[in-house]
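See below for the structure under consideration.
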Amino acid sequence: MLKVCKFGGSSLSDGSQFAKVKEIVEADADRRMVIVSAPGRRFSKDTKVTDLLYLCHAHLKYDVPFDNVVDMIKERYQAIVDECQLSIDLDAEFEDIFGDVRKGTRPDYLASRGEYLNAKLMAEYLGFKFVDATEWMFFKHDGTVDYEKTEVALKELFDVYGKVVSPGFYGIAPGDKIKVFSRGGSDITGAIAAASLDADIYENWTDVSGILMVDPRIVENPSPIARVTYAELRELSYMGASVLHEDTVFPVRKKDIPVNIRNTNAPSDPGTIIREHFDEESAEENARFITGITGKKDFSIITIHKANMISKVSMLRKVFNICESFKVEVETISNGVDCFSLVVPSESINGKQFEFISQIKEDCKLEDVSLTEGISLIAIVGRQMAYRTGISGKIFATLGANHINIRTIEQGSDEICIMVGVYTEDFEKGIQVLYDSFAR
Ligand code: ASP
């Protein structure tokens, strides 16, 4: 059995976090491939090492002295080296990285050094082999990942060394150039490593005990989700729940490798498992119906009225053409006999709502187009909802009993998400009462 473990920046922010990681890795002999981020924040106002490295590059670019930023970075690593009693020669490493930096450097190279150094430290601490990402994480000319080449290279290295620590976030592009993923990209490296090695599980260690059913800023102490499918996760993330880097899913999903989100600070918590589907559902999951509740604020509803609309299709086409030319995204659409409504993000029409509405009136030859602002969408997501009766009834009854007016309703045809539009002042309360009625 092989477990690929990725530890995020908050799991590696200082020596005491390093010690937790060591304990986790050593607790399970299957944890033989470790991917690390750069040191993250130790406290809320702290700065991530990656941000300091980008700051260094900005100083260089504008020829502003940056020695104090380098000192800050060095102090972060020195503290870990001291606390974990490591023997790595940090002076030599910093000389290598920053010695010639004034002659010119690329932002990707500098940014990658956060993960590079952390992986070196962690490899020594665990007694694993340090393997640089440049030896196996390959990009193509077009900037996409070269999965075939990457897989062959990592398998070979892993077969030789058996226990490996490698940096996340970057790889090597043609021309021997270091290239980084977008921010948070160590998640992707971990997923690619897990897929390349056909791991049994991809453990993504972070600072929460899995994906929570609902935003903890809205509901106090919500339960974590034990198991979620990729389809549910897409609905939850699209509507605002942020969990993994978006591109993480693809490599592990393709090979049906389960992803387990775990908490470095509470390693005995089981966290959340993400999979394509689950063969059996637990009694608790069956009884609960829903997996999570999320939502987004700041939408507007544009309602287009026309008695005896002759052809709704041509009217819709005209309205969508106008949306396209005004770059207005349509979130949902609902239909009545003599009217239809579009729900659009307010920011996409802000400042141009009057021109937009006038254009609709002019092109569709109608008078009655109304705009309602201050709408928020709440999404109730759950694979258990599909083909089950009574769920929407419960949602509407709960909101109704709490005097929350529903402005729009939408259910996807796979029945795993029901979305309601409410006035923004009811948003938090709506999420709270729905959570109380389904999850508590
Ligand atoms: N260190 C990088 C960042 O801060 C990548 C990562 O942590 O995944 O975005």
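Start at 1 and go down the list; that is how both ligands and their atoms are numbered.
- Listed by chain and residue number, Arg102 satisfy the salt bridge (Lys or Arg N to Asp or Glu O under 4.0 Å) test with Asp67 (two or more places apart in sequence, or in another chain).
- In this pair, Phe250 and Tyr147 present their aromatic rings perpendicular. The plane angle is above 60°, beyond the 30 to 60° band.
- A cation-pi arrangement is found for Arg113 relative to Tyr170, the charged atom lying closer than 6.0 Å to the ring centre and inside a 45° cone about the ring normal.
- Not a single ring-ring contact (aromatic ring centres under 6.0 Å, His included) links Tyr423 to another residue, sequence neighbours left out.
- The aromatic rings of Phe326 and Phe356 sit perpendicular, their planes meeting at an angle over 60°, well past the 30° parallel limit.
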Check ligand 1 against the protein and report each N/O to N/O distance under 3.5 Å, formatted as atom name, atom name, distance.
unit_1: ligand 1; atom_1: 1 (N); unit_2: Thr50; atom_2: OG1; d: 2.7
unit_1: ligand 1; atom_1: 1 (N); unit_2: Glu115; atom_2: OE2; d: 2.6
unit_1: ligand 1; atom_1: 4 (O); unit_2: Thr50; atom_2: OG1; d: 3.4
unit_1: ligand 1; atom_1: 4 (O); unit_2: Arg183; atom_2: NH2; d: 2.9
unit_1: ligand 1; atom_1: 7 (O); unit_2: Ser37; atom_2: OG; d: 3.1
unit_1: ligand 1; atom_1: 8 (O); unit_2: Gly184; atom_2: O; d: 3.3
unit_1: ligand 1; atom_1: 8 (O); unit_2: Gly185; atom_2: N; d: 3.3
unit_1: ligand 1; atom_1: 8 (O); unit_2: Ser186; atom_2: N; d: 2.9
unit_1: ligand 1; atom_1: 8 (O); unit_2: Ser186; atom_2: OG; d: 3.0
unit_1: ligand 1; atom_1: 9 (O); unit_2: Arg183; atom_2: NE; d: 2.7
unit_1: ligand 1; atom_1: 9 (O); unit_2: Gly184; atom_2: N; d: 2.8

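- For Asp30, the salt bridge (Lys or Arg N to Asp or Glu O under 4.0 Å) criterion is met by no residue, not counting sequence neighbours.
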